[in-house]
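These notes concern the structure reproduced below.
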Amino acid sequence: MIRICALVAAVLSIPAQYAIWYYAPVERTMGVVQKIFYTHLPMAWWSFVSFFVVFVASILYLAKRRPAYARLAGAACEMGVLFSGLALATGMCWARPIWNVWWTWDPRLTTTLVMWFVYAAYLLLRASDIGGGRRDAVLAVLGIVAFLDVPLVFISARYWRSIHPAVFGPQGGGLEPEMWLAMVANLVTMGFLWLALLLARTRQLASGAAISALVRHGAIRN
């Protein structure tokens with residue numbers, strides 16, 4: 001499954017990149033720099049999906065106490081922090097020539113940065129020995145509570161005075177049909193890449209847990 005998803009992502013990346021640079025028209029006001037959007041938005045979107053997986057897996061862990069759900073939550077959080085961090089970085093590269101600043105305390109940007117810090121703290125806690133046997137339960141609670149910031153990020157550009165564009169709005173963000181197609185192509189491509197990384201990291205965590213169990217039981221030595 002991992003290889004299939006990675007292969008599909010690699011194959012789809014060819015028409016997706018073609019759609020960005022040749023099919024989608026150059027935006028009239030922002031020019032060619034607007035094409036960062038086709039990478040920026042999929043990264044942001046799949047980071048939201050990642051944190052939703054953390055939310056669901058955390059609920060399942062508290063309900064069934066299966067370590068597999070804790071590992072899935074951890075892997076998804078890593079993907080979410082990675083993708084949201086890259087979304088922030090690409091957004092800054094987009095903002096510099098358009099807003100003339102690398103960063104501004106806009107509601108969308110601020111809530112996204114807070115979200116990134118919260119889930120980065122989740123990963124720091126997960127990497128520590130704090131809590132002992134109750135660590136996974138504490139992380140599950142944090143994974144549920146932290147998700148409250150995700151819908152806040154999503155609605156911030158709509159209900160607060162934000163200069164960040166709202167793409168999925170009543171007017172569709174002013175995108176031409178070719179732009180929509182390029183955006184969807186890159187969203188799907190990024191989705192297959194995300195899934196391949198998530199599955200690979202989850203399998204890696206499961207292998208690490210199995211090795212640790214063998215070490216604890218003396219089956220193998222450090």
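All values below were derived from every heavy atom in this structure, side-chain atoms included, with hydrogens, water molecules and symmetry-related copies excluded.
The ring pair (Phe, Tyr, Trp, His ring centres under 6.0 Å) check on Phe51 picks up Tyr119, with sequence neighbours excluded. Every residue two or more places apart in sequence or in another chain that forms a side chain to side chain contact (heavy atoms under 4.5 Å, CB included) with Leu142 is listed here: Tyr122, Leu125. Take Phe55 and apply the ring pair (Phe, Tyr, Trp, His ring centres under 6.0 Å) test, not counting sequence neighbours, and it matches Phe147. Every side chain to side chain contact (heavy atoms under 4.5 Å, CB included) that Ala19 has, sequence neighbours left out, goes to Tyr23, Ala182. In this structure Met92 satisfies the side chain to side chain contact (heavy atoms under 4.5 Å, CB included) test together with Trp102, Trp103, sequence neighbours excluded. For the ring pair (Phe, Tyr, Trp, His ring centres under 6.0 Å) test, residues two or more places apart in sequence or in another chain that qualify with Tyr18 are Tyr22. Under the side chain to side chain contact (heavy atoms under 4.5 Å, CB included) criterion, Leu193 pairs with Ala9, Met190, Leu197, not counting sequence neighbours.
For residues 20-44, no pair satisfies salt bridge (Lys or Arg N to Asp or Glu O under 4.0 Å), with sequence neighbours left out. Sequence neighbours left out, not one pair with a member in residues 137-155 passes salt bridge (Lys or Arg N to Asp or Glu O under 4.0 Å). For the salt bridge (Lys or Arg N to Asp or Glu O under 4.0 Å) condition, the pairs that include at least one residue of residues 54-80, sequence neighbours left out, are Glu78-Arg201. Judged as a side chain to side chain donor-acceptor pair (under 3.5 Å), the pairs with a partner in residues 79-91 (not counting sequence neighbours) are, in order, His40-Thr90. Each salt bridge (Lys or Arg N to Asp or Glu O under 4.0 Å) pair with one or both residues in residues 182-195, not counting sequence neighbours, would appear here, but there are none.
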